[in-house]
J.: 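Please read through the structure below; I'll follow up with questions.
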Amino acid sequence: MVKAVVAGAAGGIGQPLSLLLKASPYIDHLSLYDVVNTPGVATDLSHISSVAKIDGFLPKDDGLKKALTGADIVVIPAGIPRKPGMTRDDLFKINAGIVKGLIEGIAETCPDAYILVISNPVNSTVPIAAEVLKKAGKFNPQKLFGVTTLDVVRAETFVAEISGEKDPAKTVIPVIGGHSGETIVPLFSLAKPSVKIPEDKLDALTKRVQFGGDEVVAAKDGAGSATLSMAYAGFRFAEKLLKAAKGESGIVEPTFVYLPGVPGGDAIAKETGLEYFSVPVELGKKGAEKAHNIIGQANEYEKKLLKACYEGLGGNISKGVEFVANPPK
Ligand SMILES: NC(=O)C1=CN([C@@H]2O[C@H](COP(=O)(O)OP(=O)(O)OC[C@H]3O[C@@H](n4cnc5c(N)ncnc54)[C@H](O)[C@@H]3O)[C@@H](O)[C@H]2O)C=CC1
Ligand SMILES: O=C([O-])CC(=O)C(=O)O
């Protein structure tokens, strides 16, 4: 019996993500939680003839607790998205409090669940989640994941446009670091099978992966940011985790984790000077079972990108930690 919960289920990401999870054979029970519209979304999805039983909850009548009771995996796309001209960090003011509240609920009701944080700014909301769980004495770093899969999905897609590969997802491209602008570092030199990026295309390709979110924000022109591609990416990560939890071996996917708490993470923390970082992580029953240190394999071009990444990411992480240590009055 696997129970999944989506918190923020009525939103632009939440709805298509819930649809994909409802259709997954790996889920037996799906609970939707949001501050609005979950009864409608849940009723709509309940007509789909897949195995998962579904229900929806609002904050009233202890809805968060009811949604989270017995959860094995909680995916969080709750919070406001960007509009043109905003950075992900501009979302901090509102989304930090939303994530904090949801994680407090998880700490109380289902502390053993895998927690997948999609809400931006991921570079700060994951540290917030960790600090809230630490405070409650319930932190299991192997079960807390910042979802950076969309960066990987974009890298696969944009590289295929250059390489001509018919099935973009067949090329594995590690994207590491954080989830905003220059903190996103695609390591094309480590692609498997290897890809040849013409030198005059490398800068533009790198920037496109780093700022892919802006491309969607601009095209949506005030109507939000990536939702459908994010739902696909969030589902891809969630399903890989559930497959690994069921015993499938060899599943590795980049994700933003608390390095000191994941086997293999200490060496990466030492090298980067950061406690949180997205690296390819081996997934298993325990969650994040091994962080792969591939930083040393980056080429000179990528090492420069990493330097810029470390500078930006450190501040984002401290901001999240500080938010829980000294909550704004
Ligand atoms: N990690 C990633 O790669 C990506 C992250 N995002 C982020 O995901 C978040 C959601 O984006 P969208 O779905 O487009 O936004 P949206 O505004 O369409 O949906 C957000 C939903 O969260 C709900 N919500 C607000 N407060 C809540 C609370 N306390 N508890 C439960 N639900 C609550 C809202 O009612 C709404 O239904 C944004 O922060 C966005 O920046 C977006 C794309 C990619
Ligand atoms: O750009 C945004 O604000 C949403 C996001 O994280 C992405 O699309 O990568």
Side-chain angles (χ1 to χ4, degrees), residues 5-19 31-42 56-60 63-65 67-68 74-106 116-126 128-129 145-155 157-158 175 177-181 183-184 186 208-220 222-238 254-256 278 316:
V5 178
V6 179
I13 297 167
Q15 290 202 37
L17 176 61
S18 300
L19 168 63
S31 280
L32 310 184
Y33 177 76
D34 200 301
V35 293
V36 292
N37 294 341
T38 37
V41 178
F57 299 92
L58 295 168
K60 65 174 184 189
L64 180 59
K65 193 172 184 137
L68 293 174
V74 184
V75 192
I76 307 179
I80 57 162
R82 286 198 289 158
K83 286 193 161 59
M86 291 171 84
T87 66
R88 289 185 186 77
D89 190 51
D90 293 333
L91 306 172
F92 185 95
K93 247 190 163 148
I94 292 174
N95 291 355
I98 292 175
V99 170
K100 180 168 175 274
L102 290 169
I103 300 289
E104 282 165 351
I106 292 170
L116 279 58
V117 180
I118 292 174
S119 315
N120 270 317
V122 167
N123 294 356
S124 307
T125 51
V126 174
I128 288 173
F145 307 90
V147 182
T148 55
T149 323
L150 182 54
D151 304 319
V152 177
V153 167
R154 285 184 176 132
T157 307
F158 303 157
V175 183
H179 179 67
S180 73
T183 70
I184 300 170
R208 194 166 175 215
V209 173
Q210 292 182 317
F211 296 91
D214 297 41
E215 199 176 298
V216 182
V217 170
K220 290 201 174 178
S225 56
T227 54
L228 302 171
S229 51
M230 181 59 235
Y232 171 85
F235 174 70
R236 166 166 141 171
F237 186 76
T255 174
F256 191 74
S278 187
N316 296 157

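Every number for a ligand or one of its atoms is a count from 1 in the order of the listing.
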J.: Given Met230 and Val147, is the side-chain contact (heavy atoms from CB on, under 4.5 Å) satisfied, shown in steps?
T.: CA-CA 9 Å; Met230 181 59 235; Val147 182; 3.7 Å; yes
J.: Nearest protein heavy-atom contact for atom 13 (O) of ligand 1: which residue, which atom, what distance?
T.: Ile13 N, 2.9 Å
J.: Should you measure from each heavy atom of Thr227, which atoms of ligand 1 turn up under 4.0 Å away?
T.: 14 (O)
J.: What residues sit with at least one heavy atom under 4.0 Å from ligand 2?
T.: Arg82, Arg88, Asn120, Leu150, Arg154, His179, Gly213, Ser225, Ala226
J.: Return the closest protein heavy atom for atom 19 (O) of ligand 1 as residue, atom name and distance.
T.: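 Of the protein heavy atoms, Gly11 CA, 3.2 Å lies nearest.
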J.: Taking distance alone, with N or O pairs closer than 3.5 Å, would you say Ala226 contacts ligand 1?
T.: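 It does not: no N or O of Ala226 is found under 3.5 Å from an N or O of ligand 1.
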J.: When you compare ligand 1 with Leu102, is there at least one nitrogen or oxygen pair between them that comes in under 3.5 angstrom?
T.: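 Checking ligand 1 against Leu102, no N or O pair falls under 3.5 Å apart.
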J.: Between ligand 1 and His179, is the shortest N or O to N or O distance under 3.5 Å?
T.: yes
J.: Should you measure from each heavy atom of Leu91, which atoms of ligand 1 turn up under 4.0 Å away?
T.: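 Every atom of ligand 1 under 4.0 Å from some heavy atom of Leu91: 41 (O).
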J.: Are more than 12 heavy atoms from other residues, nucleotides or ligands located less than 6.0 Å from atom NZ of Lys220?
T.: yes
J.: Which protein non-hydrogen atom lies closest to atom 29 (N) of ligand 1, naming both residue and atom, and how far is it?
T.: Ile98 CG2, 3.6 Å
J.: Report yes if Asn120 has an N/O atom closer than 3.5 Å to an N/O atom of ligand 1; otherwise report no.
T.: yes
J.: Checking Phe57 now: which residues fulfil ring pair (Phe, Tyr, Trp, His ring centres under 6.0 Å) with it, not counting sequence neighbours?
T.: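 For Phe57, no residue satisfies ring pair (Phe, Tyr, Trp, His ring centres under 6.0 Å) once neighbours in sequence are set aside.
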J.: Taking heavy atoms and a distance under 4.0 Å, where does Asn95 meet ligand 1: side chain, backbone, both or neither?
T.: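 For Asn95, the contact with ligand 1 is made by the side chain alone.
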J.: For ligand 1, which part of Val36 has a heavy atom less than 4.0 Å away: the side chain, the backbone, both, or neither?
T.: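 For Val36, the contact with ligand 1 is made by the side chain alone.
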